[in-house]
Amino acid sequence: MSDYDPQAIEKKWQRRWTEQRAFEVTEEPGRPTYYCLVMFAYPSGHAHVGHVRNYMIGDVIARMKRMRGFNVLHPFGWDAFGLPAENAAIKNKSHPEIWTLENIAHMKGQLQRLGISYAWERELATCEPEYYRWNQWLFLQMFERGLAYRKRSTVNWCPSCATVLANEQVVDGGCWRCDSVVERRDLEQWFLRITEYADALLDGIERLDQWPEKVLTMQRNWIGRSEGALVRFPVSGPEAKLLEIEVFTTRIDTIYGASFVLLAPEHALVDEFTEEADDPDAFRERVRQFRALDRTARLTGAIEKEGFDTGRTATNPFTGEQVPIWIANFVLAEYGTGAVMAVPAHDQRDFEFARKYQLPVQVVIQPAEGETLDGSTLEEAYAGPGSLVHSGEFTGRSTDGAAREMAAAAASRGIGTPTVQFRLKDWGISRQRYWGTPIPIIHCPHCGLQPVPYEDLPVELPTAVEFTGRGDSPLAQMPEFVETICPKCQQPARRETDTMDTFVDSSWYFYRFCDASNDRTAFDPERVKYWAPVDFYIGGVEHAILHLIYSRFFCRVFKDLGMVEHDEPFTRLLTQGMVLRDGSVMSKSKGNVVDPDQMISTFGADALRLYEMFVAPPEKEIEWTDSGLEGSFRFLTRVWRLVTGLEALVRGVSLDTLNDADLAVRHRAVRRRTHETIRRVSSDLDPRAHLNTAVSALMELVNELYAFCEAEGLAVHTGAERPDPASVADETRATLAEAVGALVLMLSPFTPHLCEELWERMGHEGSLARATWPAFEPAVARAEEIVVPVQVNGKLRARLTVPADVSEDALREASLADEGVRGHTEGKTVARVVVVQRKLVNIVIKG
RNA sequence: GCGAAAGUGGCGGAACUGGCAGACGCGCUGGAUUUAGGAUCCAGUGGCCCUAGGCCGUGGGGGUUCAAAUCCCCCCUUUCGCACCA
C-alpha cells in the first residue's frame with residue numbers, strides 16, 4: 001500500500017509556487033544568466049502530450065540551471081494571430097479574439113497543471129496591441145531603410161486559406177497549413193528584403209556549432225548560394241533592334257560547348273518573338289500550353305522535358321557561333337535570368353533535350369582518365385572535372401579554376417559578369433486576412449505610400465468586423481478602417497488593408513520576453529543584453545527553415561538598428577522528437593490524441609513528466625505507451641515509500657560528521673553510489689541533455705538504497721513499518737540522509753511536486769526551486785577496490801577484484817596467476833599482455 | 001536521383017574517448033505475501049548446447065586492431081531533408 005497521492009500534492013505545490021511567485025525573475029547584476037526558451041504555442045485549443053514534451057524538456061533544464069545558481073529566464077507566450085482563429089469565427093459566427101482567448105485560457109490551465117516553472121509575469125500574446133504595435137514599429141523602421149518594400153509579383157495563392165503564402169510556406173506545391181494546391185496570382189505585395197542578408201545568414205551558419213547539423217543543412221539548401229556568371233548572348237536580327245539574352249551559369253568553363261539557348265516560357269523576349277514569328281498564332285498557342293502547365297509538376301521535375309525552336313538564333317559570345325534559341329518547359333522563370341545556355345555534353349538535362357530534338361552535342365571537357373568523350377556517341381552528360389578542349393584560348397586548362405578565369409575574361413570583354421545567385425527570395429509578408437498585424441501604411445493618391453506616423457501606432461484592428469468567409473480581406477470591407485487622411489497632405493487616403501504574415505510576430509518574441517511590459521519601445525536594449533541571446537532553444541524541427549531563418553534575419557536587423565549586440569539569437573538548438581501513437585503523429589482528425597489532463601488525473605503530472613523524459617532521448621520520436629507511464633508511476637511510488645519510510649531517520653541529521661574512514665564497507669558503497677550518481681546525472685543534464693539516462697541513474701540509486709535498507713533491516717521496502725530513529729546507528733542515518741537528499745534534489749527537475757513534498761517532510765525549509773544542486777565529491781566516488789575484466793585473446797575469462805591504485809605490474813601478475821585465466825593459457829605461449837590501467841587486461845596467446 | 005541520420009533482446013532504449021554488449025524501464029517467468037484479484041517485495045529473463053562450462057551474438061559481407069556496436073570499404077533496409085535552381 002502506498003499513500004502517494006499525486007493530485008493532492010500537485011495542487012498544494014502549484015498553489016504555493018504561485019503564491020510565492022517562485023519563478024518570477026528580475027535582473028541581478030553579477031549573477032550568471034541562463035535563457036531557456038521553448039517555442040511559444042499556437043493556441044489551437046488543447047495541448048496534447050506531444051506539445052507538452054517540448055515544454056517539459058525546457059522545464060527540466062530550467063529547473064536544473066536554477067539549482068546550479070543561474071538566474072534563469074524561462075518564459076512562455078502565445079503565437080496568437082493566424083488563420084484558424086478566423087476560420088473558427090466564420091464557422092461559429094463569433095470573433096477570432098474570443099476563440100483565441102478561450103483557447104489560451106484552457107491551454108494555460110493545462111500547462112499550470114503540469115507544474116512548469118514559467119515566469120508567467122512575462123506572458124505575452126501576439127494579438128495584443130501592446131505586442132503587435134512593435135511589429136508595426138519595426139516594419140516602419142525597415143520601410144525607412146528600404147528593407148520593407150512593395151512590388152507587383154506573381155505570388156503563391158492558397159485558394160482555401162484565401163491568402164498569399166511565402167515561398168517557405170509552400171511545401172511540395174501545397175499550402176503548408178491546409179495542403180491545398182497552391183495557385184499563381186499577380187498581386188501588389190509587401191516584401192521584407194531578407195536577401196540583403198543572404199550571405200550573412202549563410203556565413204553565420206558556420207558559427208552555430210550547437211545546432212543540429214540537419215537544421216544547418218536545411219538552411220544552407222534553402223539559402224542556396226551558387227557562384228557563377230551572367231553572360232549575354234546577342235540575338236541575331238535587324239540591327240535596329242539590339243536584343244540580348246542574358247543567361248546565368250555556374251559552368252562558364254563549358255561555354256564553348258553551349259550549342260543552343262533555352263528560354264523559360266515566361267521570359268520577356270518570348271512575347272517579342274511571338275509577334276515576329278512566321279505563324280504568330282501557332283507560336284502563341286504553344287507558349288500558352290507551356291505556361292499553363294501545372295506549376296507543381298514544373299517545379300518538381302515531374303514533367304516530360306519539351307521545347308520548340310523559336311526560329312531565332314543568338315551568338316555564343318565566346319565561340320562567335322550562331323546557336324538556336326528554343327523555349328523549354330523546364331526552364332524556371334524565377335531563378336537566375338529565366339534563360340540558360342545549354343551545354344548538352346556536360347549537363348544531363350541539356351543532354352536529354354539535345355538528343356530528343358537532334359541538337360548538336362560538343363564535348364569541351366575531357367576527364368583526366370578513361371576513354372575520350374565524343375559528342376556523337378555520348379550516352380550521358382559528363383559533369384565531372386577534367387581539362388578543357390575545343391575551347392579556343394582556354395583549351396588545355398583544368399576545370400579547376402577555369403570558371404573563375406573565364407568569368408573574368410567575360411567581364412573584361414564586356415560580355416558578362418561574375419555573380420552570385422541565391423535560391424532564397426525576399427519574404428512576402430502581405431496576407432489578405434483579418435487576424436494579423438495591420439500593415440501601417442497609408443495609400444495617398446497624391447503622395448503615394450506614406451508610413452503611419454510613429455505617434456499614431458498602433459494601427460489597431462477594429463473589433464466590429466463581420467466574418468463572411470467571402471475570401472477578400474474583411475478589413476477592405478470596412479470603410480471606417482480604410483478611409484483615412486494622408487499624414488503628409490491631409491487629403492483623403494486609404495489604409496493598407498493587408499495584415500502581416502504571423503511569422504513576423506514570432507521572429508522577435510524572444511526579445512520581448514526580456515522586457516515584456518515596455519510601453520515605450522519594443523524592448524530596452526540593456527535588458528536584452530542582460531538575458532540574450534537565448535542559451536537553449538527547444539522546439540520542433542518543422543521550424544528548421546521558416547521560423548528559425550526569419551528570426552536570424554530579424555536579429556541582424558535589430559543589430560543594424562543598434563538594439564542587440566549578438567550575431568545569432570539562439571546559441572543552442574534542440575529539436576525534440578514527436579510523440580506518436582499507433583505509429584502516427586497525434587491529431588484530432590486521426591482521433592489518436594492523448595490528453596495530458598486525463599493522464600494527470602490518473603497518474604499525476606509528475607509521472608507524466610517523468611515518463612516523457614525517460615522513454616527516449618529528447619531528439620528522438622517516441623511511441624506513446626500506457627504501460628510506460630504506469631512504470632514511471634510505479635517508480636515514483638517506490639521513491640515515495642522509500643523517502644517517507646526514512647523520513648524520521650534522516651530529518652535533521654547533520655552530514656558534517658560523515659567520514660568514510662569511520663564507515664563500514666556497505667555504507668561506503670552507498671556513499672560511492674550517491675556521488676557517482678551525482679556525477680552522472682549532472683553531466684547527463686548539462687551539457688549533454690540526455691534526460692533519459694539521467695533518470696536511469698536515479699533509478700539505479702533508488703534500487704541500491706532499497707537493497708541497502710533491506711540489508712540493514714530497515715523495512716521500508718515493504719512499507720510495513722517505519723523504523724524507530726533511536727534504534728538506528730548514526731552512520732546509517734547520515735549515509736541515508738546524504739543519499740536521499742541528493743536523490744530528491746536531482747529528481748526534482750523531473751518531478752517537482754513530489755520532490756517538494758518529500759523535501760518538506762525531510763524537514764527542509766524553503767522551496768526546492770531555490771535549493772542548491774548536490775555537490776559531487778570525487779574522493780567519495782572513488783572506489784577503494786575495482787573489478788577489472790581479464791580477457792584471453794579478447795574473450796572474457798575472469799574478473800579480478802583489486803585495489804583501485806593497483807600498479808600495472810601487479811595487475812599483470814594477478815591476471816596471469818588467476819586460476820580461470822590459467823585454464824586458457826596452460827601450455828600456450830603468452831605473446832603479449834595488454835594492460836589498460838583500471839579498465840581491462842587482455843592476454844594474447846599463441847599456439 | 002542527391003545528401004544526412006539511423007539500424008543493438010519480445011519492446012523502448014544504454015554503452016560518453018576503440019576496452020566487460022544489453023544499464024534503466026516495459027513485458028514475460030517463478031517465488032513470497034494475499035480468501036482471491038490487484039498492489040507490493042524477492043529472484044530470473046539475448047540465442048544455442050544436457051551441465052560444469054562453452055559456443056554464437058549489435059542489419060549483411062569484408063578490413064584495421066591485442067581489442068570494434070563504436071574506425072575504414074562495399075551492400076541492404078528505414079527515416080528525414082533536397083529534388084529540373086542551370
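A, B, ... follow the sequence lines: proteins, then strands. Residue 1 opens every chain.
- Counting non-hydrogen atoms under 4.0 angstrom, Lys795(A) reaches the backbone sugars and phosphates but no base.
- Heavy-atom neighbours of Arg404(A) CZ from other residues, nucleotides or ligands within 6.0 Å: at or below the threshold of 12.
- For Arg838(A), no side-chain nitrogen or oxygen approaches OP1 or OP2 of G19(B) to under 4.0 Å.
- A salt bridge links Asp684(A) to Arg688(A): one of the charged nitrogens lies within less than 4.0 Å of a carboxylate oxygen.
- For G9(B), the O4'-C1' to base torsion is within 90° of 0; the nucleotide is therefore syn.
- Of the residues near RNA chain B, Glu700(A) and Arg832(A), the one whose nearest nucleotide (by heavy atom distance) lies more toward the 5' end is Glu700(A).
- Residue Asn842(A) places its side chain closer to G19(B) than to any other of C41(B), A86(B), G19(B).
- Separating the CG atom of Asn221(A) from the P atom of A5(B) is a distance of 14 Å, rounded to the nearest angstrom.
- Using a 4.0 Å heavy-atom distance criterion, Val615(A) is classed as a sugar-phosphate-only contact.
- Two rings, from Phe330(A) and Phe353(A), have their centers less than 6.0 Å apart.
- If you measure from atom CD1 of Ile622(A) to atom P of G12(B), you get 13 Å, rounded to the nearest angstrom.
- Look at CG on Asp684(A): it is 14 Å from C1' on G13(B), rounded to the nearest Å.
- Using a 4.0 Å heavy-atom distance criterion, Thr249(A) is classed as a sugar-phosphate-only contact.
- Residue-level contact check: Gly631(A) touches the backbone only, with heavy atoms under 4.0 Å from sugar-phosphate atoms and none from bases.
- When all heavy atoms of Tyr611(A) and Glu623(A) are compared, the pair lying nearest together is OH-O, 3.5 Å.
- Applying the 4.0 Å criterion to OP1 and OP2 of G27(B), one finds that Arg634(A) has a side-chain N or O inside that range.
- Of the listed nucleotides (C24(B), G19(B), A14(B)), G19(B) has the atom at the smallest distance from the side chain of Gln791(A).
- Note: NE2 (His543(A)) to P (G81(B)) measures 14 Å, nearest angstrom.
- Only the C1' atoms considered, G18(B) is 9 Å distant from U65(B), to the nearest whole Å.
- Here Tyr550(A) and Trp427(A) bring their ring centres to under 6.0 angstrom of each other.
- Across all strands shown, A69(B) forms no Watson-Crick or G-U wobble pair with both key distances under 3.5 Å.
- Comparing A14(B) with G3(B), their C1' atoms sit 29 Å apart, to the nearest whole Å.
- Nucleotide G27(B) has U45(B) as its partner under the Watson-Crick or G-U criteria, with both atom distances under 3.5 Å.
- Atom CG of Leu629(A) and atom C1' of G27(B) are 16 Å apart (whole Å).
- With Glu676(A) as the partner, the side chain to side chain donor-acceptor pair (under 3.5 Å) test is satisfied by one option alone out of Arg679(A), Arg673(A), Arg672(A): Arg679(A).
- The separation of A67(B) from C74(B), taken at their C1' atoms, amounts to 24 Å, rounded to a whole angstrom.
- In this structure G7(B) sits in a base pair with C76(B), meeting the Watson-Crick or G-U test at under 3.5 Å.
- Taking only side-chain atoms of Phe614(A), from C-beta outward, the nucleotide of G25(B), G13(B), G27(B) with the closest atom is G25(B).
- Nearest to the side chain of Arg688(A), among A86(B), C16(B), C56(B), sits C16(B).
- Rounded to a whole angstrom, the distance from the C1' atom of C50(B) to that of U34(B) is 38 Å.
- Annotation: of the two residues near RNA chain B, Glu213(A) and Ile545(A), the 5′-most nearest-nucleotide partner is Glu213(A).
- Between Ser226(A) and A86(B), a side-chain N or O to OP1/OP2 separation shorter than 4.0 Å is present.
- Which of C42(B), G13(B), C24(B) sits closest to the side chain of Ala616(A) comes down to G13(B).
- Taking atom CD of residue Glu621(A) and atom P of nucleotide G7(B), one finds them 14 Å apart after rounding to whole Å.
- Of the nucleotides present, none pairs with G38(B) by Watson-Crick or G-U wobble criteria with both distances under 3.5 Å.
- Contact between the side-chain N/O atoms of Arg641(A) and the OP1/OP2 oxygens of C41(B) is found at a separation under 4.0 Å.
- Using the Watson-Crick or G-U wobble rule with both distances under 3.5 Å, C2(B) pairs with G81(B).
- Within 4.0 Å of Val834(A), counting heavy atoms only, lies at least one base atom of the nucleic acid.
- Note on Asn692(A): only backbone sugar-phosphate atoms sit closer than 4.0 angstrom, heavy atoms only; bases stay farther off.
- Contact annotation for Arg797(A): backbone-only contact, meaning every heavy-atom pair under 4.0 Å involves sugar-phosphate atoms and none involves a base.
- Nearest nucleotide to the Phe248(A) side chain, out of A86(B), G19(B), A23(B): A86(B).
- With respect to Glu227(A) and Arg225(A), a salt bridge is recorded, a charged nitrogen being found less than 4.0 Å from a carboxylate O.
- In this structure, Arg423(A) reaches the A83(B) phosphate: one of its side-chain N or O atoms is under 4.0 Å from OP1 or OP2.
- Using cut-offs of 30° and 60° on the angle between ring planes, the pair Phe318(A) and Tyr256(A) is perpendicular.
- Remark: Asn703(A) is in phosphate contact with G25(B), judged by side-chain N or O atoms under 4.0 Å from OP1 or OP2.
- Rounded to whole Å, the P atom of C26(B) lies 29 Å from the corresponding atom of G19(B).
- Closest to the side chain of Leu332(A), out of C66(B), A86(B), G13(B), is A86(B).
- Separating the C1' atom of G46(B) from that of U58(B) is a span of 11 Å, rounded to the nearest Å.
- Residue Glu819(A) contributes atom CD, which lies 12 Å from atom P of G53(B) at whole-angstrom precision.
- Base pairing of G57(B) is not made with any nucleotide, judged by Watson-Crick or G-U wobble geometry with both donor-acceptor distances under 3.5 Å.
- Heavy atoms from other residues, nucleotides or ligands lying under 6.0 Å from CZ of Arg355(A) number more than 12.
- The residue His824(A) sits close only to the backbone: its heavy atoms come under 4.0 Å of sugar-phosphate atoms, none of a base.
- Distances shown here put every side-chain N or O of Lys620(A) at or beyond 4.0 Å from the OP1 or OP2 atom of G12(B).
- What separates CZ of Arg673(A) from P of A23(B) is a distance of 13 Å, to the nearest Å.
- Straight-line distance between the P atoms of G63(B) and U29(B): roughly 44 Å, to the nearest whole Å.
- Nucleotides G62(B) and U79(B) have their P atoms positioned 28 Å apart, rounded to a whole Å.
- As the counterpart of G18(B), no nucleotide is assigned, since no Watson-Crick or G-U wobble pattern has both distances under 3.5 Å.
- Relative to the side chain of Met699(A), the nucleotides G25(B), A86(B), C82(B) differ in distance, and G25(B) lies closest.
- Heavy atoms of other residues, nucleotides or ligands lying less than 6.0 angstrom from NZ of Lys839(A) number 12 at most.
- Considering only side-chain atoms of Arg680(A), the nucleotide from C16(B), C42(B), A86(B) that sits closest is C16(B).
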